[in-house]
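Written below as structure tokens is the structure these notes are about.
Hydrogens, waters and symmetry mates are skipped; everything else that's a heavy atom, side chains included, is used. Just so we're on the same page: letters track the sequence lines, and every chain starts at 1.
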Amino acid sequence: MFDDDSFVDISEILEGQHTGKEVSIRGWVHRERDIGNMLFFNIRDPTGTVQATIAKDNFNEDKFDNIKGLLVESSIKIHGEVAEDERAPGGYEIRAMDAEIVHASDDFPIHEDQSVEHLLDNRHLWLRSTKMRDLMTIRSTVFGAIHEFFRKEGYKEFQSPILTPVACEGGSTLFPVEYFDDEVYLTQSWQLYAEAAIYGVGDIYTIAPSFRAEKSRTPRHLTEYWHAEVEGLWLDNDDLIELGEGLVLHIVDKVLDESFEELKNINEEGLEYLQNLEGPFPRITYEEAVEKLKDAGMDVSYGDDFGVPEEKKLTSMFEKPVFVTHYPKEIKAFYMKRDDDDPSKVLGYDLMVPHVGELIGGSVRETDVDSLVDRLEEEGEDPSIYEWFLDTRRYGSVPHAGYGLGIERVIMWLCNLDHIRDAIAFPRTPNRSRP
RNA sequence: GCCGUCGUAGCUCAAUUGGCAGAGCACUCGGCUGUUAACCGAGCGGUUGACGGUUCAAAUCCGUCCGACGGCGCCA
């Protein structure tokens, strides 16, 4: 009965494609109701959930008794006739004529009462939930959209080592890794290697994990996150803004196009905002941002980095994501190029959205060796460790720029998630490294 | 790193504020041929996070530690 490969997706049954026909399905018991001589199962596969009914009268008695005792999440194959029936959830059901237990489940640890902690402890099982399935589907679309965008723009994919000897963002904490008799670190960024590669390979991008050993207890930080980074030759700050805006808009279009149902399940209220989103995004300078915040009554002064309250206030002033440019050099990384018009500021930007904060951070790169050494020393770094990086400025350097985008933050923004950990299957946070 | 909340059955939570540790769900058994998180009846289920202290008596009060969650800071 089940050797003929005639299995259909449950979604097809729910679309009415098999009504009146005999089909087989295979999936997991989502719920079971036993009213004695009749059993009702909600059967789930990766495409949907449908009700299966099993009546004792027209079923093998031994099989009926076996199936009667099945627990939630048991895997099963069912063969039967599809019927349209308004009594069934979803409007369709399969009336079983035969069934085969693939694996009888133990008592499943997740039931209707679920705490955040319990679901995180059982993330390996919670991935079976509709919510996580939808989120992982959207995530897959986002990754695909990033590759598609950069390749379409003529960028090559380039990989850098995960194990690295140096920091990238001064001050950020690194995860040390034993490397035989030496010590190296898990990478925080692909950027420094990218800057070495562009002179030969040309415009490049990557999607790779980055690691931060900061004990950031917030809804927007992971210690291991996926980072889309890009580095392009001859780009100025305006080019880089366009490249960032283009990527974000492409991701939004792609998710609306390919994962609309999933997005609707997860964030129906946000659909309209995303559907109406188009460029250009507003652009303001750091100085203007400070003025706006002061006007709004906030206690900030020029030179302060924005905290959560400032970020919240600022993003709430715009209908779209907002580019904030020309930060003071003191609050930005050593590799950012100073603005020739005002050397106290750097040519770079943060792209900020409400609720999530910074989606993208990017800059034109400083190409002057002396300036780089000065900035490294100001941050208390030892420039000698960066010799290989400084070499990229000694041999025919050219203007270039790049940015990094936090992929889980983008997903958090698209899906209006309360916490970034739901944007990744197995989140790594300061308090959680398993499962 | 700082501030706060919490930790009781497999899960979600009670325990009249110091006086016999309980309920719902799950699970097991029994009943039921149209259920919708089915329902009805019974049963199983505990070192109250750990250690110490106060007390005739501690889940409850005090101390230390552990863990989780929430917020701030740091950052993407």
Generate the contact string for nucleotides 39-49 of chain B. Rules: B means base contact, S means sugar-phosphate contact only, - means no protein heavy atom under 4.0 Å. -----------

Pairs flagged by salt bridge (Lys or Arg N to Asp or Glu O under 4.0 Å) wherever residues 297-308 of chain A is involved - sequence neighbours left out: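 Counting only pairs at least two positions apart or across chains, no salt bridge (Lys or Arg N to Asp or Glu O under 4.0 Å) contact touches residues 297-308 of chain A.
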
Checking S115(A) now: which residues fulfil side chain to side chain donor-acceptor pair (under 3.5 Å) with it, not counting sequence neighbours?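 None.
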
What residues, two or more places apart in sequence or in another chain, satisfy side chain to side chain donor-acceptor pair (under 3.5 Å) together with N267(A)?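 Here no residue qualifies.
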
Set out, line by line, the N/O atom pairs under 3.5 Å between protein and nucleotides 8-12 of chain B.
residue, atom, partner, partner atom, Å
C11(B), O2', D113(A), O, 2.4
U12(B), OP1, S115(A), OG, 2.2

Answer yes or no: is there a donor N or O on one side and an acceptor on the other, between the side chain of D350(A) and the main chain of M352(A), under 3.5 Å?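 Side chain of D350(A) to backbone of M352(A): no pair is present.
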
So what does D305(A) hit on the nucleic acid, given a heavy-atom distance under 4.0 Å: a base, only sugar-phosphate, or nothing?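 Answer is sugar-phosphate: D305(A) comes under 4.0 Å of backbone atoms only.
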
Phosphate contact (C32(B) OP1 or OP2) by N37(A) side-chain N/O below 4.0 Å: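 So the side chain of N37(A) is outside the cut-off, no N or O lying under 4.0 Å from OP1 or OP2 of C32(B).
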
Could you name each residue pair satisfying side chain to side chain donor-acceptor pair (under 3.5 Å) that touches [range], not counting sequence neighbours?
range                       : result
residues 237-249 of chain A : none
residues 99-110 of chain A  : none
residues 135-148 of chain A : R139(A)-E408(A), T141(A)-S259(A), H147(A)-Y205(A), E148(A)-H250(A), E148(A)-K254(A)

Listing request: all ring pair (Phe, Tyr, Trp, His ring centres under 6.0 Å) pairs with a residue in residues 289-333 of chain A, at least two apart in sequence or in separate chains.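 Listed by first then second residue: Y286(A)-Y302(A), Y286(A)-F306(A), Y286(A)-Y327(A), F323(A)-Y349(A).
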
Between the protein and nucleotides 1-3 of chain B, list the N/O to N/O atom pairs that are separated by less than 3.5 angstrom.
residue, atom, partner, partner atom, Å
G1(B), O6, K215(A), O, 3.4

Of all of residues 60-73 of chain A, which get a heavy atom below 4.0 angstrom from RNA chain B, listed by number?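 Nucleic-acid contacts, sorted: L71(A).
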
I want to verify the glycosidic state of U60(B); is it syn or anti under the 90° rule?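 Glycosidic conformation of U60(B): anti.
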
Any donor-acceptor pair under 3.5 Å joining the side chain of E93(A) to the base of G34(B)?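 Yes, a donor-acceptor pair under 3.5 Å.
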
In chain order, what residues pass the side chain to side chain contact (heavy atoms under 4.5 Å, CB included) check against D134(A), with sequence neighbours excluded?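 With sequence neighbours excluded, D134(A) shows a side chain to side chain contact (heavy atoms under 4.5 Å, CB included) to T130(A), E262(A), N265(A), I266(A), given in chain and number order.
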
